[in-house]
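Here is the structure we will look at.
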2 protein chains.
Amino acid sequence: MRIGELARKAGTTTRTLRYYEARGLLPARRGENGYRRYDEEDLRLLHQIRLLQDFGFELEETRPFVDCLRAGHPSGDSCPASLEVYRRKLAELDAVIERLQQVREQVGSQLARAEVEVSAETPPVPRCELTEVQVDASERGEGDGGDD
Amino acid sequence: MRIGELARKAGTTTRTLRYYEARGLLPARRGENGYRRYDEEDLRLLHQIRLLQDFGFELEETRPFVDCLRAGHPSGDSCPASLEVYRRKLAELDAVIERLQQVREQVGSQLARAEVEVSAETPPVPRCELTEVQVDASERGEGDGGDD
DNA sequence: GTAGACCTTGCCGCCGACGTCAACGCCAGC
DNA sequence: GCTGGCGTTGACGTCGGCGGCAAGGTCTAC
(Lines give C-alpha, C1' and ligand atoms only; values in the text may rest on other atoms or scores of the structure.)
Protein backbone atom coordinates (compact mmCIF):
# COMPACT_ATOMS: atom_id res chain seq x y z
CA MET A 1 0.00 0.00 0.00
CA ARG A 2 1.04 3.62 -0.39
CA ILE A 3 1.71 6.17 2.29
CA GLY A 4 -1.73 7.72 2.34
CA GLU A 5 -3.47 4.41 2.86
CA LEU A 6 -1.14 3.39 5.66
CA ALA A 7 -1.63 6.73 7.33
CA ARG A 8 -5.38 6.35 7.16
CA LYS A 9 -5.30 2.80 8.49
CA ALA A 10 -3.13 3.82 11.41
CA GLY A 11 -4.97 7.03 12.13
CA THR A 12 -1.97 9.20 11.52
CA THR A 13 -0.66 11.45 8.76
CA THR A 14 1.66 11.06 5.82
CA ARG A 15 3.83 13.75 7.33
CA THR A 16 4.33 11.58 10.40
CA LEU A 17 5.23 8.54 8.32
CA ARG A 18 7.80 10.51 6.35
CA TYR A 19 9.17 11.77 9.63
CA TYR A 20 9.51 8.23 10.95
CA GLU A 21 11.33 7.25 7.80
CA ALA A 22 13.65 10.23 8.07
CA ARG A 23 14.46 9.08 11.61
CA GLY A 24 15.16 5.60 10.29
CA LEU A 25 12.37 4.16 12.35
CA LEU A 26 10.05 3.01 9.60
CA PRO A 27 11.86 2.91 6.26
CA ALA A 28 9.80 2.15 3.20
CA ARG A 29 10.52 0.26 0.02
CA ARG A 30 10.08 2.25 -3.13
CA GLY A 31 8.04 1.55 -6.23
CA GLU A 32 9.39 2.26 -9.69
CA ASN A 33 7.81 5.67 -9.62
CA GLY A 34 9.56 6.54 -6.41
CA TYR A 35 6.46 6.14 -4.27
CA ARG A 36 6.85 4.63 -0.82
CA ARG A 37 5.38 1.15 -0.49
CA TYR A 38 4.31 -0.42 2.78
CA ASP A 39 2.84 -3.76 3.75
CA GLU A 40 0.81 -5.19 6.62
CA GLU A 41 3.89 -5.65 8.76
CA ASP A 42 4.62 -1.96 8.52
CA LEU A 43 1.12 -1.33 9.78
CA ARG A 44 1.90 -3.55 12.72
CA LEU A 45 5.15 -1.74 13.47
CA LEU A 46 3.29 1.52 13.22
CA HIS A 47 0.70 0.36 15.71
CA GLN A 48 3.49 -0.54 18.09
CA ILE A 49 5.04 2.89 17.71
CA ARG A 50 1.78 4.73 18.24
CA LEU A 51 0.91 2.67 21.29
CA LEU A 52 4.18 3.52 22.98
CA GLN A 53 3.90 7.13 21.87
CA ASP A 54 0.52 7.27 23.59
CA PHE A 55 2.30 6.04 26.69
CA GLY A 56 4.58 9.02 26.45
CA PHE A 57 7.59 7.19 25.06
CA GLU A 58 9.89 9.21 22.90
CA LEU A 59 10.38 8.04 19.35
CA GLU A 60 13.86 6.76 20.04
CA GLU A 61 12.52 4.67 22.88
CA THR A 62 10.18 2.86 20.55
CA ARG A 63 13.05 1.74 18.36
CA PRO A 64 13.94 -1.42 20.30
CA PHE A 65 10.33 -2.54 20.05
CA VAL A 66 10.20 -1.94 16.33
CA ASP A 67 13.52 -3.69 15.81
CA CYS A 68 12.26 -6.58 17.89
CA LEU A 69 9.16 -7.01 15.80
CA ARG A 70 11.16 -6.73 12.60
CA ALA A 71 13.50 -9.42 13.87
CA GLY A 72 10.53 -11.75 13.77
CA HIS A 73 9.60 -11.83 17.42
CA PRO A 74 5.95 -12.30 18.30
CA SER A 75 5.66 -8.93 20.01
CA GLY A 76 7.69 -5.78 20.25
CA ASP A 77 8.57 -6.42 23.87
CA SER A 78 9.92 -9.92 23.35
CA CYS A 79 13.46 -8.63 23.42
CA PRO A 80 15.74 -7.67 26.32
CA ALA A 81 16.33 -4.19 24.95
CA SER A 82 12.59 -3.53 25.02
CA LEU A 83 12.33 -4.78 28.56
CA GLU A 84 15.10 -2.42 29.54
CA VAL A 85 13.13 0.47 28.10
CA TYR A 86 10.06 -0.67 30.00
CA ARG A 87 12.03 -0.71 33.23
CA ARG A 88 13.56 2.65 32.62
CA LYS A 89 10.21 4.16 31.79
CA LEU A 90 8.67 2.66 34.90
CA ALA A 91 11.36 4.27 37.02
CA GLU A 92 10.84 7.56 35.22
CA LEU A 93 7.10 7.34 35.65
CA ASP A 94 7.45 6.64 39.34
CA ALA A 95 9.76 9.59 39.78
CA VAL A 96 7.54 11.94 37.84
CA ILE A 97 4.39 10.79 39.58
CA GLU A 98 5.98 11.20 42.97
CA ARG A 99 7.22 14.65 42.09
CA LEU A 100 3.81 15.69 40.80
CA GLN A 101 2.12 14.39 43.91
CA GLN A 102 4.44 16.46 46.05
CA VAL A 103 3.68 19.51 43.96
CA ARG A 104 -0.01 18.76 44.18
CA GLU A 105 0.23 18.66 47.96
CA GLN A 106 2.10 21.94 48.07
CA VAL A 107 -0.24 23.72 45.71
CA GLY A 108 -3.23 22.28 47.52
CA SER A 109 -2.10 23.49 50.90
CA GLN A 110 -1.10 26.87 49.50
CA LEU A 111 -4.56 27.21 48.00
CA ALA A 112 -6.24 26.26 51.24
CA ARG A 113 -4.14 28.72 53.21
CA ALA A 114 -4.62 31.52 50.72
CA GLU A 115 -8.36 30.98 50.54
CA VAL A 116 -8.62 31.36 54.28
CA GLU A 117 -6.48 34.46 54.23
CA VAL A 118 -8.37 36.11 51.44
CA SER A 119 -11.75 35.40 52.95
CA ALA A 120 -10.59 36.68 56.30
CA GLU A 121 -8.49 39.40 54.69
CA THR A 122 -5.81 38.75 57.23
CA PRO A 123 -2.04 38.73 56.68
CA PRO A 124 0.06 35.55 56.70
CA VAL A 125 0.58 33.04 59.47
CA PRO A 126 -2.68 31.18 59.82
CA ARG A 127 -3.44 28.81 62.64
CA CYS A 128 -2.68 25.15 62.39
CA GLU A 129 -3.12 22.91 59.39
CA LEU A 130 -6.88 22.54 59.80
CA THR A 131 -7.49 23.90 56.37
CA GLU A 132 -11.17 23.15 56.14
CA VAL A 133 -12.91 25.25 53.54
CA GLN A 134 -16.18 25.92 55.30
CA VAL A 135 -15.59 29.61 55.38
CA ASP A 136 -18.76 30.68 53.68
CA ALA A 137 -19.86 28.96 50.54
CA SER A 138 -21.61 32.05 49.21
CA GLU A 139 -18.41 33.92 48.72
CA ARG A 140 -17.66 36.29 45.86
CA GLY A 141 -19.39 34.32 43.12
CA GLU A 142 -16.30 32.56 41.97
CA GLY A 143 -15.83 28.82 42.14
CA ASP A 144 -17.09 27.29 38.91
CA GLY A 145 -18.86 30.35 37.78
CA GLY A 146 -18.39 29.10 34.26
CA ASP A 147 -15.80 31.53 33.05
CA ASP A 148 -13.03 29.51 31.55
CA MET B 1 21.22 46.58 42.35
CA ARG B 2 22.18 45.59 38.84
CA ILE B 3 21.09 42.58 36.84
CA GLY B 4 24.06 40.39 37.67
CA GLU B 5 23.64 40.82 41.38
CA LEU B 6 19.94 40.08 41.26
CA ALA B 7 20.58 37.01 39.17
CA ARG B 8 23.13 35.76 41.68
CA LYS B 9 20.87 36.42 44.63
CA ALA B 10 18.01 34.56 43.02
CA GLY B 11 20.12 31.74 41.70
CA THR B 12 19.27 32.42 38.11
CA THR B 13 20.90 34.04 35.09
CA THR B 14 20.92 37.49 33.56
CA ARG B 15 19.52 35.99 30.40
CA THR B 16 16.49 34.79 32.33
CA LEU B 17 15.91 38.21 33.87
CA ARG B 18 16.11 39.88 30.50
CA TYR B 19 13.67 37.29 29.21
CA TYR B 20 11.24 38.05 32.03
CA GLU B 21 11.48 41.72 31.22
CA ALA B 22 10.88 41.07 27.54
CA ARG B 23 7.75 39.18 28.54
CA GLY B 24 6.67 42.12 30.65
CA LEU B 25 6.80 40.03 33.78
CA LEU B 26 9.62 41.76 35.60
CA PRO B 27 10.33 45.18 34.08
CA ALA B 28 13.33 47.08 35.41
CA ARG B 29 14.00 50.75 35.96
CA ARG B 30 17.00 52.10 34.13
CA GLY B 31 20.01 54.03 35.37
CA GLU B 32 21.48 56.95 33.48
CA ASN B 33 23.90 54.65 31.73
CA GLY B 34 21.08 52.45 30.53
CA TYR B 35 21.77 49.68 33.03
CA ARG B 36 18.81 47.85 34.55
CA ARG B 37 18.31 48.60 38.23
CA TYR B 38 16.41 46.35 40.61
CA ASP B 39 15.49 46.56 44.28
CA GLU B 40 14.59 44.15 47.04
CA GLU B 41 10.97 43.96 45.94
CA ASP B 42 12.07 42.71 42.56
CA LEU B 43 13.99 40.00 44.33
CA ARG B 44 10.82 39.05 46.09
CA LEU B 45 8.81 38.96 42.87
CA LEU B 46 11.54 36.87 41.36
CA HIS B 47 11.39 34.40 44.21
CA GLN B 48 7.67 34.08 43.66
CA ILE B 49 8.18 33.43 39.97
CA ARG B 50 10.88 30.83 40.52
CA LEU B 51 8.84 29.03 43.16
CA LEU B 52 5.89 28.64 40.84
CA GLN B 53 8.18 27.70 37.99
CA ASP B 54 9.56 24.92 40.15
CA PHE B 55 5.97 23.76 40.59
CA GLY B 56 5.71 23.49 36.85
CA PHE B 57 3.72 26.67 36.29
CA GLU B 58 4.19 28.35 32.96
CA LEU B 59 5.53 31.87 33.02
CA GLU B 60 2.17 33.36 32.09
CA GLU B 61 0.58 31.57 34.99
CA THR B 62 2.87 33.29 37.44
CA ARG B 63 1.75 36.71 36.26
CA PRO B 64 -1.29 37.01 38.55
CA PHE B 65 0.93 36.27 41.52
CA VAL B 66 3.48 38.86 40.52
CA ASP B 67 0.79 41.43 39.84
CA CYS B 68 -0.73 40.64 43.20
CA LEU B 69 2.50 41.23 45.04
CA ARG B 70 3.13 44.41 43.12
CA ALA B 71 -0.33 45.62 44.06
CA GLY B 72 0.87 45.60 47.65
CA HIS B 73 -0.72 42.40 48.84
CA PRO B 74 1.11 40.46 51.52
CA SER B 75 1.64 37.40 49.34
CA GLY B 76 1.33 36.55 45.69
CA ASP B 77 -1.69 34.36 46.24
CA SER B 78 -3.69 36.96 48.12
CA CYS B 79 -5.71 37.74 45.02
CA PRO B 80 -8.63 35.91 43.41
CA ALA B 81 -6.84 35.62 40.08
CA SER B 82 -4.01 33.74 41.77
CA LEU B 83 -6.45 31.42 43.48
CA GLU B 84 -8.02 30.67 40.14
CA VAL B 85 -4.64 29.66 38.80
CA TYR B 86 -4.11 27.45 41.83
CA ARG B 87 -7.41 25.73 41.24
CA ARG B 88 -6.78 25.24 37.57
CA LYS B 89 -3.32 23.85 38.23
CA LEU B 90 -4.71 21.48 40.84
CA ALA B 91 -7.19 20.14 38.31
CA GLU B 92 -4.44 19.81 35.73
CA LEU B 93 -2.17 18.06 38.19
CA ASP B 94 -4.90 15.62 39.15
CA ALA B 95 -5.59 14.84 35.52
CA VAL B 96 -1.94 14.38 34.65
CA ILE B 97 -1.24 12.27 37.72
CA GLU B 98 -4.19 10.04 37.00
CA ARG B 99 -3.14 9.62 33.40
CA LEU B 100 0.41 8.80 34.40
CA GLN B 101 -0.78 6.27 36.93
CA GLN B 102 -2.82 4.54 34.27
CA VAL B 103 0.17 4.48 31.97
CA ARG B 104 2.30 3.17 34.79
CA GLU B 105 -0.15 0.31 35.33
CA GLN B 106 -0.17 -0.53 31.66
CA VAL B 107 3.57 -0.44 31.28
CA GLY B 108 4.00 -2.39 34.47
CA SER B 109 1.69 -5.18 33.39
CA GLN B 110 3.22 -5.25 29.93
CA LEU B 111 6.62 -5.62 31.49
CA ALA B 112 5.46 -8.41 33.76
CA ARG B 113 3.85 -10.26 30.89
CA ALA B 114 6.80 -9.81 28.58
CA GLU B 115 9.25 -10.92 31.22
CA VAL B 116 7.34 -14.14 31.69
CA GLU B 117 7.16 -14.74 27.96
CA VAL B 118 10.79 -14.06 27.39
CA SER B 119 11.92 -16.26 30.23
CA ALA B 120 9.57 -19.03 29.04
CA GLU B 121 10.74 -19.09 25.45
CA THR B 122 14.35 -18.18 25.82
CA PRO B 123 15.38 -18.79 29.41
CA PRO B 124 18.50 -16.68 29.71
CA VAL B 125 18.72 -16.95 33.45
CA PRO B 126 16.59 -19.55 35.22
CA ARG B 127 16.66 -17.34 38.28
CA CYS B 128 14.46 -14.44 39.25
CA GLU B 129 15.61 -10.88 38.82
CA LEU B 130 19.33 -11.20 38.74
CA THR B 131 19.78 -8.55 36.16
CA GLU B 132 23.49 -8.88 36.42
CA VAL B 133 25.25 -9.25 33.10
CA GLN B 134 27.45 -12.08 34.19
CA VAL B 135 25.52 -14.60 32.17
CA ASP B 136 28.13 -15.75 29.72
CA ALA B 137 27.99 -13.68 26.60
CA SER B 138 27.89 -16.72 24.33
CA GLU B 139 24.27 -17.52 25.03
CA ARG B 140 22.31 -17.16 21.82
CA GLY B 141 23.62 -13.87 20.60
CA GLU B 142 20.32 -12.54 19.36
CA GLY B 143 19.95 -9.00 18.10
CA ASP B 144 22.44 -6.57 19.44
CA GLY B 145 23.76 -9.03 21.92
CA GLY B 146 22.90 -6.93 24.92
CA ASP B 147 25.48 -4.22 24.79
CA ASP B 148 24.31 -1.35 26.88
C1' DG C 1 -5.89 15.86 -22.92
C1' DT C 2 -7.03 17.48 -18.85
C1' DA C 3 -8.67 17.57 -14.17
C1' DG C 4 -7.59 16.12 -9.84
C1' DA C 5 -6.07 12.93 -6.48
C1' DC C 6 -2.26 11.16 -5.15
C1' DC C 7 2.82 11.22 -4.57
C1' DT C 8 7.83 13.43 -4.17
C1' DT C 9 11.56 16.55 -1.83
C1' DG C 10 12.68 20.56 0.64
C1' DC C 11 12.34 23.96 3.81
C1' DC C 12 10.34 27.12 7.23
C1' DG C 13 7.29 27.44 11.46
C1' DC C 14 5.86 26.24 16.07
C1' DC C 15 5.94 25.80 21.18
C1' DG C 16 8.65 27.43 26.06
C1' DA C 17 12.22 29.08 28.37
C1' DC C 18 15.84 30.23 27.87
C1' DG C 19 21.50 29.37 26.04
C1' DT C 20 24.95 31.28 23.38
C1' DC C 21 27.30 34.13 20.72
C1' DA C 22 28.61 38.84 18.53
C1' DA C 23 29.60 43.47 18.73
C1' DC C 24 29.56 47.08 21.30
C1' DG C 25 29.28 50.60 25.65
C1' DC C 26 30.59 51.88 30.52
C1' DC C 27 33.46 52.16 34.43
C1' DA C 28 37.14 51.14 38.03
C1' DG C 29 41.83 50.29 38.99
C1' DC C 30 46.71 50.48 37.87
C1' DG D 1 45.73 54.60 28.41
C1' DC D 2 44.71 49.93 28.96
C1' DT D 3 42.79 45.78 30.84
C1' DG D 4 39.04 43.43 32.49
C1' DG D 5 34.66 42.91 34.30
C1' DC D 6 30.47 44.49 34.22
C1' DG D 7 26.47 46.06 31.21
C1' DT D 8 23.62 46.67 26.52
C1' DT D 9 20.82 44.94 22.18
C1' DG D 10 20.03 41.67 18.56
C1' DA D 11 19.73 37.49 16.59
C1' DC D 12 20.14 32.69 16.00
C1' DG D 13 20.17 27.80 18.28
C1' DT D 14 17.99 24.20 21.17
C1' DC D 15 14.70 20.17 21.84
C1' DG D 16 10.56 16.76 19.79
C1' DG D 17 7.34 15.80 16.76
C1' DC D 18 5.53 17.00 13.65
C1' DG D 19 2.25 20.97 10.52
C1' DG D 20 2.04 23.36 6.39
C1' DC D 21 3.32 25.06 2.09
C1' DA D 22 5.65 25.27 -2.51
C1' DA D 23 6.92 23.34 -6.76
C1' DG D 24 6.88 19.69 -9.15
C1' DG D 25 6.11 14.38 -10.75
C1' DT D 26 2.66 10.37 -11.47
C1' DC D 27 -1.33 7.99 -12.33
C1' DT D 28 -6.27 7.45 -13.28
C1' DA D 29 -10.76 8.59 -14.98
C1' DC D 30 -13.49 10.69 -18.17
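Each chain gets a letter, A, B and so on, in the order its sequence line appears, and its residues count up from 1.
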Closer than 4.0 angstrom, basic N to acidic O: yes or no for B/R63 and B/E60?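 Yes, charged N to carboxylate O under 4.0 Å.
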Whole-Å gap separating [atom2] ([N]) and [atom1] ([X]):
| X | N | atom1 | atom2 | answer |
| --- | --- | --- | --- | --- |
| B/L52 | C/dA17 | CG | P | 12 Å |
| B/F55 | C/dG16 | CZ | P | 21 Å |
| B/R50 | C/dG16 | CZ | P | 18 Å |
| A/M1 | C/dC6 | CE | P | 16 Å |
| A/I3 | D/dC18 | CD1 | P | 13 Å |
| A/Y19 | C/dC12 | OH | P | 17 Å |
| A/L25 | D/dG16 | CG | P | 14 Å |
| B/L17 | C/dC18 | CG | P | 10 Å |

Any side-chain N or O of [X] below 4.0 angstrom from OP1/OP2 of [N]?
| X | N | value |
| --- | --- | --- |
| A/R23 | D/dG17 | no |
| A/R36 | C/dC7 | no |
| B/Q53 | C/dC18 | yes |
| A/N33 | D/dG25 | no |
| B/R2 | C/dC27 | no |
| B/T13 | C/dG19 | yes |
| B/T12 | C/dA17 | no |
| A/T16 | D/dG17 | no |

Comparing B/R15 and B/E58 on DNA chain C - which has the more 5′ nearest nucleotide: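 Result: B/E58.
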Can you identify which nucleotide, out of D/dG25, C/dT9, D/dG17, has its nearest atom closest to the A/Y35 side chain?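 Ranking D/dG25, C/dT9, D/dG17 by closest atom to the A/Y35 side chain puts D/dG25 first.
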With a 4.0 Å cut-off on heavy atoms, is B/R30 in touch with a base, just the backbone sugar-phosphate, or nothing at all?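 Counting heavy atoms under 4.0 Å across all strands, the contact made by B/R30 is with sugar-phosphate only.
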Side chain of A/D67, backbone of A/R70: donor and acceptor closer than 3.5 Å?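 Flag not set: sc A/D67 to bb A/R70 has no pair under 3.5 Å.
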Between A/L17 and A/Y38, is a side-chain contact (heavy atoms from CB on, under 4.5 Å) present by the stated rule, with each step listed? CA-CA 11 Å; A/L17 297 182; A/Y38 299 92; 4.2 Å; yes
Is a side-chain donor-acceptor pair under 3.5 Å present for A/R113 with A/S109?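 A/R113 and A/S109 do not have a side-chain donor-acceptor pair below 3.5 Å.
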May I ask you to check if A/K89 and A/F55 form a cation-pi contact, with NZ or CZ under 6.0 angstrom from the six-membered ring centre and within 45° of the axis?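 Pair A/K89/A/F55 does not count as cation-pi.
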